[in-house]
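Worksheet: the structure to be examined is printed underneath.
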Amino acid sequence: MTAFAPDSLVLNRKLPLWYQVSQSLRASILGRTPDSSLRLPTEEQLAEHYGVSVLTMRQALKELEQEGLISRHRRRGTFIEPGARRSAPVRLLGSVDAIVAQQSGERTTVLGQERGPVPGDLAEYFPDAAELVTYRRLRRDGTTGEPTNWAENAVRPELAAAVEAADLERWPMTKVLRDVVGVRISRITDTVEARLADPATAELLDVPLLSPILHYTGVTYDEDGRVVDVARIRYRGDRFSFTVTMDAH
């Protein structure tokens, strides 16, 4: 069995360290491969991996334990719950890893990709691009197999050249662009609005035509201020939670 190894993390000193570590580890747990070990490294090993103190690591683990993703046993260690799956809203404090965690833990099928001219409704985001590569994906609940959402990602062709379908079946596009392609992401702008299911959405999500859905648009910018990805995700209204916590300081 492959030992569980959490993903790497670039810390943002403007956000609480425990929060960033908990969201990164959460995404790693939900996106783990079936043959991964359920045993987590020790607190000290995890603290060294993330470059934080043991005290910070304990606070991050406490957050995951309260959510039911892990269990901690004196003298035995810390273990991933076998049936661990997303059950609570993700608190978003501006962390890319929180976005990744929100979209992790589901079984993803790549429906296809195509390269073509920039659609009119995306022209404002890609004024310097002639073409885009669009990926279509369907996500299902990892336990029940029920469809939860389907996504379209419009990506610049030069970046899409380094994107593999196998990566998109395992991770959200945000993580693939950052950790596989090497894009230095500066910010993501999110918009969530209520809409009615069109024929394609109704068929893919197994919901009645014109039934309420939630339409999420995520615009990802690199450190030069260029848009590198526009994600449009249609969620079943009964399978989506989105909580934003505002820091008063």
Side-chain angles (χ1 to χ4, degrees), residues 4-33 36 46 48-52 56 60 63-64 69 86 90-108 110 113 115 122 125-126 128-129 132-137 139 149 151-192 216-233 242 244:
F4 181 80
D7 297 330
S8 59
L9 170 66
V10 178
L11 292 170
N12 180 343
R13 296 295 169 179
K14 295 181 180 180
L15 296 172
L17 298 182
W18 69 266
Y19 166 78
Q20 296 178 71
V21 170
S22 70
Q23 293 307 307
S24 178
L25 184 54
R26 183 182 192 276
S28 296
I29 290 173
L30 293 176
R32 71 191 187 279
T33 58
S36 294
L46 286 170
E48 182 179 359
H49 173 79
Y50 286 114
V52 297
T56 296
E63 177 84 359
L64 299 180
L69 291 180
R86 184 179 56 185
V90 177
R91 292 183 292 168
L92 298 180
L93 298 176
S95 165
V96 171
D97 285 283
I99 298 292
V100 172
Q102 174 71 33
Q103 300 175 10
S104 298
E106 297 172 313
R107 191 168 73 243
T108 301
V110 177
Q113 71 179 76
R115 179 169 178 162
L122 296 183
Y125 300 114
F126 301 97
D128 59 333
L132 295 174
V133 176
T134 301
Y135 297 86
R136 300 172 73 249
R137 291 175 294 157
R139 297 191 182 102
N149 66 84
E152 290 180 301
N153 288 86
V155 180
R156 293 176 179 272
E158 64 271 22
L159 301 177
V163 174
E164 299 288 343
D167 293 331
L168 291 178
E169 290 177 350
R170 182 179 180 189
W171 297 308
M173 179 65 81
T174 303
K175 180 175 177 61
V176 173
L177 289 176
R178 186 189 65 178
D179 298 346
V180 178
V181 181
V183 175
R184 296 180 66 86
I185 294 174
S186 64
R187 72 182 190 277
I188 300 174
T189 301
D190 298 315
T191 302
V192 181
Y216 163 94
T217 302
V219 183
T220 301
Y221 298 81
D222 66 13
E223 62 182 357
D224 295 323
R226 293 193 319 158
V227 174
V228 294
D229 170 42
V230 175
R232 292 176 291 186
I233 309 176
F242 191 92
V244 177

Tell me, do Tyr216 and Asn149 make a side-chain contact under 4.5 Å, heavy atoms counted? no
How many angstroms lie between atom CD of Glu152 and atom OG1 of Thr217, to the nearest 0.5 angstrom? 10.5 Å
Say you draw a straight line from CG of Leu46 to OG1 of Thr56; how long is it, rounded to the nearest 0.5 Å? 12.5 Å
Taking all heavy atoms of Ala165 and all of Val110, pick out the closest pair and write down the distance. O-CG2, 3.8 Å
side-chain hydrogen bond (donor to acceptor under 3.5 Å, both in side chains) with Asp128: which residues, sequence neighbours excluded? Arg156
Side chains of Gln20 and Leu17: does their closest heavy-atom pair fall under 4.5 Å? yes
Who pairs with Asp229 by side-chain hydrogen bond (donor to acceptor under 3.5 Å, both in side chains), at least two apart in sequence or on another chain? Asn153
Give me the atom names and distance for the closest heavy-atom approach of Val133 to Pro157. CG2-CA, 4.0 Å
My understanding is that only residues two or more places apart in sequence, or in another chain, count here; which of them pass salt bridge (charged side-chain N to carboxylate O under 4.0 Å, His left out) with Glu158? Arg226
Interatomic distance, CD@Glu63 vs CD@Gln23, rounded to 0.5 Å, equals 7.0 Å
Only counting residues at least two apart or in another chain, list the ones meeting side-chain hydrogen bond (donor to acceptor under 3.5 Å, both in side chains) with Arg136. none
Do Leu25 and Tyr50 have side chains that approach each other closer than 4.5 Å (heavy atoms only, starting at C-beta)? yes
Test item: Ser22 side-chain N/O and Tyr19 main-chain N/O as donor-acceptor pair under 3.5 Å: yes
With a 4.5 Å limit on heavy-atom distance, are the side chains of Leu168 and Thr108 in contact? no
State which residues pass salt bridge (charged side-chain N to carboxylate O under 4.0 Å, His left out) with Asp167; sequence neighbours excluded, sorted by chain then number. none
Kindly indicate whether the side chain of Met173, heavy atoms from C-beta on, has any atom under 4.5 Å from the side chain of Leu177. yes
Minimum heavy-atom distance Ser186-Glu223, with the two atoms named: CB-CA, 3.9 Å
Taking all atoms of both residues into account, what is the closest heavy-atom pair of Ala60 and Trp18, and its distance? CB-O, 3.5 Å
Interatomic distance, OG1@Thr174 vs CD1@Ile188, rounded to 0.5 Å, equals 4.5 Å
Partner set under side-chain hydrogen bond (donor to acceptor under 3.5 Å, both in side chains) for Glu48, not counting sequence neighbours: none
What are the two closest non-hydrogen atoms of Val180 and Ala162, and how far apart are they? CG1-O, 4.3 Å
I need the minimum non-hydrogen distance between Tyr125 and Val227, along with the two atoms involved. O-CB, 3.4 Å
Interatomic distance, Asp190 atom CG to Thr220 atom OG1 [nearest 0.5 angstrom]: 8.0 Å
